[in-house]
Structures are given as structure tokens and as C-alpha cells.
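Reading through the C-alpha cells given below for one structure.
Values in this document were obtained by computation on a predicted structure and should not be read as measured data.
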Amino acid sequence: MGKYVNPGADKFEEALRSKIYIDKSELISYTNSVFGTLQKYVCVSRPRRFGKSMAADMISAYYDRSSDTKADFIKLRISQSEEFTEHINKYDVIKINAQEFLSRTSDVNKLIKRINDLILRDILSLYPDVDYYDKSDMIECLGDIYDNTRQKFVVIIDEWDCIFREYPHDTKSQEKYLDFMRDWLKDKAYIGLVYMTGILPIKKYGTHSALNMFSEFSMENPGPLAEYTGFTKAEVSKLCETYDMSSDECDLWYDGYRFPKCDHIYNPNSIVKSMMMGTFDDYWNQTESYEALKNYIYMNYDGLKDSIIKMMAGGRQKVNTGSFQNDMTTFANADDVLTLLIHLGYLSYDFNEKEVFIPNMEILQEFVTTTTAENPWKEVIDSVKTSNELLNATWNMDENKVAGYIENAHLETSHIQYNDENALSYTISLAYYAARDYYTVYRGLPTGKGFADMVFVPRKNHTDKPAMIIELKWDKDADTAISQIKEKNYPKSLLGYRDNLLLVGINYDRKTRKHECKIERY
């Protein structure tokens with residue numbers, strides 16, 4: 001057992017002993033299925049705190065031949081796989097955290113030398129009797145070991161993309177690093193499996209495709225690995241039951257990442273912390289500064305600001321992810337910035353519709369914190385500041401005040417194309433931002449004989465607040481909106497609130513540019 005070669009199972013066993021452990025061992029079924037094939041190169045990119053390192057520790061513990069972890073894995077789902085015993089504890093594992101190496105060096109040359117020397121120290125100790133051609137060259141020595149033993153290696157590289165994040169503008173160093181990785185891993189007989197994790201997909205360099213042998217599983221499309229990206233709905237529901245936490249509230253706070261093969265994925269770090277603390281809160285900001293988000297959404301690309309405000313109001317934005325260069329500096333347009341935010345976890349991506357949106361309350365709070373911190377986002381600052389007053393005016397059924405606050409919100413967000421009821425709904429959503437403290441807000445909720453524009457359902461601890469149905473009209477009148485609510489029986493899905501339910505009709509007249517409000521108690 002060495003430090004970097006066959007590092008043992010300590011970290012994996014520490015995870016197993018944790019109070020909350022979710023069994024993701026079936027991920028190994030996939031790595032076993034590609035072991036020793038052309039698909040043996042696996043690159044998984046996820047945001048921070050999405051369990052990348054835990055997965056790497058688990059894979060290492062499974063393959064590491066210096067450990068006997070069968071007793072650990074026999075309790076997990078992977079033990080039901082036909083290939084379970086074929087690969088367990090059969091290989092030499094090389095496992096490194098690239099960020100750790102970068103932190104101890106000052107440039108890419110020293111980083112590469114440190115990786116070379118420290119892995120070399122372990123493999124020379126493990127195989128002292130091999131006839132080596134050049135004992136100073138790690139790559140050469142790995143080849144010599146394979147020629148002598150036919151023993152394949154499993155290489156696990158955590159935070160592989162750290163150099164692109166730490167030195168985002170140093171393209172020469174980035175290319176040198178990629179060349180080193182290619183020389184180490186590509187077309188080498190000694191490789192049985194490579195499992196790399198990072199935040200960014202593999203960097204594109206035009207014709208310079210140093211690591212084009214990898215299959216990539218990203219936040220855009222994790223393919224068959226989708227359920228291992230985070231916690232699934234079934235896993236979270238079971239935790240909520242165990243810890244007596246509201247499943248609906250948990251969905252509101254942490255659900256929202258969508259993939260073709262898995263429709264509900266939750267940030268595992270936030271789920272664990274909320275269960276352990278017994279409260280739903282923004283745990284993302286404990287690991288990320290709002291400055292990280294600010295640096296990107298403040299960029300002066302045409303349409304970016306409109307898209308951000310639209311999504312903060314509950315909308316979606318079409319995005320073309322194809323031009324993104326998989327780094328943190330090369331941006332040609334607003335779509336490139338939005339694509340980066342997908343990989344950083346700030347936006348969810350609907351692969352089928354090619355749309356992005358803010359996934360949940362936790363991430364929405366990050367956007368609000370960022371956009372209300374400085375004056376360039378004055379329209380958001382003003383809407384959030386007055387949203388409490390708007391909410392109180394609605395509860396008090398003060399129709400004139402409600403119309404006035406929405407009028408101001410319209411003026412503040414006027415750069416959003418304001419030409420239909422859908423655009424009006426974005427203004428209303430942002431204006432009612434404070435309502436999220438008390439309500440679960442649904443847009444386009446199917447109920448009665450149609451779809452209500454906006455429905456506000458009181459959350460578990462705020463059942464004293466009235467439920468609200470808001471119907472929006474364009475160039476008609478607020479009475480028509482109220483009539484539609486009644487005629488289409490929108491209150492049908494809110495029968496439990498029929499004694500505490502407000503019907504709100506809002507109309508915008510394009511000629512007068514005035515908003516009108518009508519409020520009735522059901």
C-alpha cells in the first residue's frame with residue numbers, strides 16, 4: 001500500500017460510517033462494463049459538493065488489490081451484479097487529487113514533475129525487481145511493469161480540471177498539462193480504466209484534442225450515470241421520512257436538476273446538511289461565495305441580463321451550448337456564460353427542450369444575493385425590496401396598492417420584452433418574490449377546466465396565510481380575469497383553503513400602460 005498507488009479504503013470506510021450514507025455503488029456496474037474496452041476512459045463533471053470525491057474513493061476501494069473490501073461491498077447494491085467478484089480488489093490503483101498537487105507547486109512544470117516523482121516512488125517500491133529502462137520516467141516505468149506482469153492499472157484523477165480554474169488565462173500551461181495527461185493515459189496497454197472527475201468538461205482546443213478518447217458525463221447530459229449525479233427523489237423521500245422533514249419543502253429547496261434518464265436530482269451536500277441541521281436553508285453559500293456567480297452574470301453580453309431576470313421570475317431560457325469552450329474565460333456570447341452556469345450548478349438544463357432555468361429555492365437565493373448586492377441590478381433590488389409591501393397589500397385586498405406596486409415592477413423590468421401575458425407573468429413572479437417565504441408558487445397549474453396562471457399554496461408552517469389564485473389578462477380587464485377563475489373552477493384543487501382563498505385578477509392595458517387589479521375572497 002502506498003500514498004498514491006493502492007491507497008487503501010480508509011476514506012471509503014469513513015463514508016460508510018457516516019450517519020447519512022446513500023448507496024451509489026451501482027456506479028461500479030458501469031465502470032466494470034467498460035473495463036479494458038475502448039470505452040474505459042470515463043470523465044465525470046459535476047458542480048462542487050455533488051459527491052465527486054466520494055464516488056472516486058468508492059471506486060478506488062473496490063478495485064484496490066492491497067485492500068480486502070468485499071465485506072464492505074457485499075452489503076451494497078453492487079454485490080447483486082454478475083461482475084461483482086470478477087473485478088473486486090484485483091488491480092493496482094493510482095489515485096491522485098490534482099488540486100492537491102497544484103496547491104503544492106507554483107507552475108505546471110512543477111505540477112507534472114511532482115505527479116511523476118511521487119507516483120514513481122510508490123510503483124518502484126511496489127515492483128522493485130522489474131528491469132526498468134528509465135527509473136526517472138513514470139510513464140516509461142508503468143509500461144515496463146505491464147510488460148513484466150501483464151497487470152493493468154486503474155487510474156483515478158479527482159479535480160482533474162483544477163489548472164483550468166486556478167490558471168484560467170494561461171493557455172500554454174493548460175496545453176502542456178493536457179499533453180502530459182495524453183502521454184500518460186492515451187493508447188497505453190497498462191490502462192484498464194481511467195475515472196476522472198472535475199467541474200468542467202474536457203477543454204476544447206480546436207484541432208488540439210489531447211483527451212478525445214474520454215466519454216464525458218456532464219451536467220448537460222450525464223447519460224446512463226444520471227442517477228449517480230446526486231440524490232434521487234426516492235432517496236430524498238426516504239431521508240425526509242427518517243428525519244421527519246417535509247418532503248414538499250425539501251423539493252422546493254433542493255430539487256430541480258433534470259436529466260433525460262432521471263427527472264429529479266438533488267444536491268447531496270445540501271440534503272445531508274438540511275437533514276442533520278433539521279432546517280431547510282441555503283447551504284450552497286457555505287461552500288461558494290456569491291462573487292463566483294457575480295463574475296459571470298455581470299458580464300456585458302447582449303440579452304444576458306434579460307435572461308437572468310426572466311429565470312429569477314420563474315421562466316426558462318433557450319440556450320445553445322455548442323460554442324462553449326469548456327473553460328472559464330473564453331466566452332463569445334451570452335449562451336456561453338449560461339452554459340458555464342450549468343456546469344457550476346447554478347442553472348439546470350432541460351436536454352430535450354434545450355432550455356435553462358434556476359433549479360430551486362436554494363439557488364434562487366444565490367441569484368437574489370448576487371443581484372441585490374450592487375446597483376447595476378437596480379430593477380431586481382427594487383422589486384425584492386417592495387415585494388413584502390406588495391404581498392401585504394394583497395392580503396389586505398388593497399387593489400389600488402397592488403396595481404401600483406405591479407406598475408412599478410413593470411417599469412423596473414421594462415427591458416424584458418413586455419408584449420404578452422407570459423411576459424407579464426415574469427414581472428408578477430419577481431414582484432411577489434417575498435411570497436416564497438410563505439408559499440409554494442406554481443405557474444401554469446392544471447386545475448378545474450384549465451390552467452391557472454399563478455397559484456400560491458401556503459407552506460407547511462404558514463397555513464394561516466390565505467391561498468391565492470392569480471389570473472393575468474392583456475388588454476381586457478381585471479373583472480374578466482376573476483370571472484375566468486370562477487367559470488373554469490380554478491379553486492377546485494384548493495378546496496382545503498376554500499375558507500381562506502383569495503382570487504386576484506390583474507390586467508395590463510397597452511394603450512394606457514396601466515395595470516388594474518381586482519381581489520375577491522372566495
Side-chain angles (χ1 to χ4, degrees), residues 309-310 313-315 379 382-383 386-414 416-436 438-458 462-522:
I309 293 177
K310 178 181 175 181
E379 56 270 47
D382 291 343
S383 286
T386 59
S387 60
N388 276 303
E389 286 87 345
L390 170 61
L391 188 57
N392 278 296
T394 309
W395 289 338
N396 293 329
M397 302 179 65
D398 190 330
E399 298 167 344
N400 290 329
K401 275 191 175 180
V402 170
Y405 283 125
I406 292 171
E407 188 94 23
N408 289 334
H410 171 200
L411 294 172
E412 289 154 5
T413 58
S414 57
I416 292 179
Q417 194 172 10
Y418 204 67
N419 55 10
D420 58 22
E421 290 175 16
N422 196 43
L424 175 59
S425 73
Y426 296 141
T427 297
I428 303 298
S429 293
L430 193 58
Y432 275 102
Y433 172 78
R436 298 167 196 269
Y438 307 96
Y439 295 95
T440 300
V441 183
Y442 299 95
R443 296 178 74 236
L445 183 72
T447 180
K449 300 176 183 177
F451 293 82
D453 285 333
M454 299 181 72
V455 176
F456 293 68
V457 179
H462 299 286
T463 53
D464 59 315
K465 304 300 183 188
M468 301 190 299
I469 298 174
I470 297 180
E471 184 65 23
L472 308 175
K473 288 299 169 188
W474 192 263
D475 282 343
K476 293 181 181 177
D477 56 61
D479 285 322
T480 301
I482 295 291
S483 296
Q484 180 172 318
I485 293 174
K486 295 175 180 177
E487 290 167 7
K488 295 194 174 183
N489 197 18
Y490 289 162
K492 182 179 180 180
S493 65
L494 296 171
L495 290 179
Y497 299 95
R498 61 186 174 186
D499 295 325
N500 195 18
L501 173 61
L502 295 180
L503 312 182
V504 183
I506 296 172
N507 178 66
Y508 175 68
D509 188 311
R510 281 186 296 175
K511 291 181 180 178
T512 63
R513 296 189 178 184
K514 292 293 183 182
H515 295 76
E516 176 195 10
C517 176
K518 181 82 173 180
I519 304 175
E520 288 187 10
R521 191 174 297 280
Y522 182 68

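- When every heavy atom of Thr394 is checked against every heavy atom of Leu502, the shortest pair comes out as O-CD1, 3.5 Å.
- The CD1 atom of Ile485 sits 8.5 Å away from atom CG of Leu501, with the distance rounded to the nearest 0.5 Å.
- For Gly505 against Ala481, the heavy-atom pair with the smallest separation is CA-CB, 3.6 Å.
- Closest non-hydrogen pair, Asn500 versus Lys465, comes out as ND2-O, 3.3 Å.
- When the side chain to side chain contact (heavy atoms under 4.5 Å, CB included) test is applied to Ser387, the partners found at least two apart in sequence or on another chain are Tyr433, Ala434.
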Check the pair Asp509, Lys514 against salt bridge (charged side-chain N to carboxylate O under 4.0 Å, His left out), reporting the backbone distance first and the verdict last. CA-CA 5 Å; Asp509 188 311; Lys514 292 293 183 182; over 6 Å; no
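- Contact record, Ala452 with Ile469: CB-CG2, 4.2 Å, taken as the closest heavy-atom pair.
- Side chains of Leu391 and Met468 form a contact here, defined as non-hydrogen atoms less than 4.5 Å apart.
- The distance from the CD1 atom of Ile506 to the NZ atom of Lys473 is 12.5 Å, given to the nearest 0.5 Å.
- Between Asp475 atom CG and Lys511 atom NZ the span is 7.5 Å, to the nearest 0.5 Å.
- Taking CD from Glu520 and CD from Glu399, the interatomic distance works out to 8.5 Å, rounded to the nearest 0.5 Å.
- No side-chain donor-acceptor contact under 3.5 Å links Glu516 to the backbone of Asp477.
- Between Trp474 and Tyr508, the ring planes lie tilted relative to each other; the angle falls in the 30° to 60° range.
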Should Tyr439 and Tyr432 be marked as a ring pair (Phe, Tyr, Trp, His ring centres under 6.0 Å) after you check the CA-CA gap, both sets of side-chain angles, and the distance that decides it? CA-CA 10 Å; Tyr439 295 95; Tyr432 275 102; 8.8 Å; no
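- Here the CD-NZ distance, from Gln484 to Lys476, works out to 7.5 Å after rounding to the nearest 0.5 Å.
- Residues satisfying the side chain to side chain contact (heavy atoms under 4.5 Å, CB included) test with Glu487, not counting sequence neighbours, are Ser483.
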Quick one, Tyr522 with Lys486, criterion side chain to side chain contact (heavy atoms under 4.5 Å, CB included). Give me CA distance, side-chain angles, the key distance, then yes/no. CA-CA 9 Å; Tyr522 182 68; Lys486 295 175 180 177; 5.6 Å; no
